[in-house]
Amino acid sequence: THAWGFVRFFFNDDRTEANYTVDVKGIGQNVVIGADMHVGAPGSNGPLVRHLADGGFIVTAGRLTLTPTELAGFTSGNWYVVLKTVDHPEGEIRGQVVVPADFLPASPPAATPPAQRPAQPPSPAQAASAPGFIQPPSTGDAGLR
């Protein structure tokens, strides 16, 4: 096939909602019949998780909400997106969803008893050099490989 494309997800800070774009290259919009996200390891097929778009597009966008269980699946590397066309209704192209290593937000720190709290919060430089400091997550971009 001459088709190629990508899907890009733009998540909110807690990773429960995302805007996404599906962008197709190399074929006309008149042959695209849809895009779907499925569960399946690389090289294997699996059930539908989300319908992303109906056909007739080259670029389209949408929004999705994920439960904690779905977010775990999304970040596992076992979800993929398929572009379906008139010539290949089961899938013209496919890409596994991949996320950056720091995609999931850091857990909030455990509460410190009041007697042990410092009088003033540490400066950003002090906090960054403190043991156990966790760098905030990236912008939350995720995509396909």
Side-chain angles (χ1 to χ4, degrees), residues 1-113 117-118 121-145:
T1 180
H2 295 289
W4 62 279
F6 59 91
V7 178
R8 189 159 183 187
F9 301 91
F10 302 92
F11 277 84
N12 63 356
D13 289 341
D14 65 3
R15 308 301 191 252
T16 58
E17 296 181 341
N19 292 321
Y20 61 86
T21 58
V22 181
D23 194 338
V24 180
K25 307 291 186 199
I27 57 175
Q29 70 186 38
N30 58 327
V31 300
V32 175
I33 59 174
D36 294 319
M37 195 161 26
H38 293 257
V39 173
S44 66
N45 295 326
L48 175 73
V49 177
R50 287 282 195 288
H51 177 68
L52 298 178
D54 291 329
F57 69 87
I58 294 298
V59 177
T60 191
R63 184 165 184 83
L64 61 90
T65 301
L66 298 174
T67 67
T69 301
E70 290 170 330
L71 180 60
F74 184 88
T75 61
S76 72
N78 289 322
W79 282 24
Y80 63 94
V81 174
V82 173
L83 179 77
K84 299 171 182 184
T85 65
V86 172
D87 294 332
H88 301 282
E90 296 302 313
E92 174 107 6
I93 56 176
R94 167 191 171 143
Q96 289 296 130
V97 174
V98 294
V99 299
D102 61 351
F103 175 75
L104 292 175
S107 299
T112 304
R117 287 190 183 135
S123 71
Q126 291 169 325
S129 65
F133 174 75
I134 299 173
Q135 183 67 32
S138 69
T139 61
D141 291 348
L144 303 178
R145 179 175 3 170

In Å and rounded to the nearest 0.5 Å, what is the [atom1] to [atom2] distance from [X] to [Y]?
X: Lys84; Y: Asp36; atom1: NZ; atom2: CG; value: 4.0 Å
X: Phe74; Y: Thr67; atom1: CZ; atom2: OG1; value: 12.5 Å
X: Leu83; Y: Arg94; atom1: CG; atom2: CZ; value: 13.5 Å
X: Arg15; Y: Leu71; atom1: CZ; atom2: CG; value: 9.0 Å
X: Arg63; Y: Asn19; atom1: CZ; atom2: CG; value: 4.5 Å

Pairwise side-chain contact, [X] with [Y], heavy-atom cut-off 4.5 Å (strictly under):
X: His38; Y: Asn45; answer: no
X: Leu64; Y: Leu52; answer: yes
X: Leu66; Y: Arg50; answer: yes

Distance-only donor-acceptor check, side chains Asp14 and Thr16, under 3.5 Å
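Short answer, yes.
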
Give me the atom names and distance for the closest heavy-atom approach of [X] to [Y].
X: Ala53; Y: Thr60; value: CB-CG2, 3.5 Å
X: Gly40; Y: Tyr80; value: O-CD2, 3.6 Å
X: Gln96; Y: Trp79; value: NE2-O, 3.3 Å
X: Pro42; Y: Gly77; value: CD-O, 4.0 Å
X: Thr85; Y: Ile33; value: O-CD1, 3.5 Å
X: Val82; Y: Glu90; value: CG1-O, 3.7 Å

Give a yes or no on whether the ring-centroid distance for Phe9 and Phe103 is below 6.0 angstrom.
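Ring centroids of Phe9 and Phe103 are no less than 6.0 Å from each other.
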
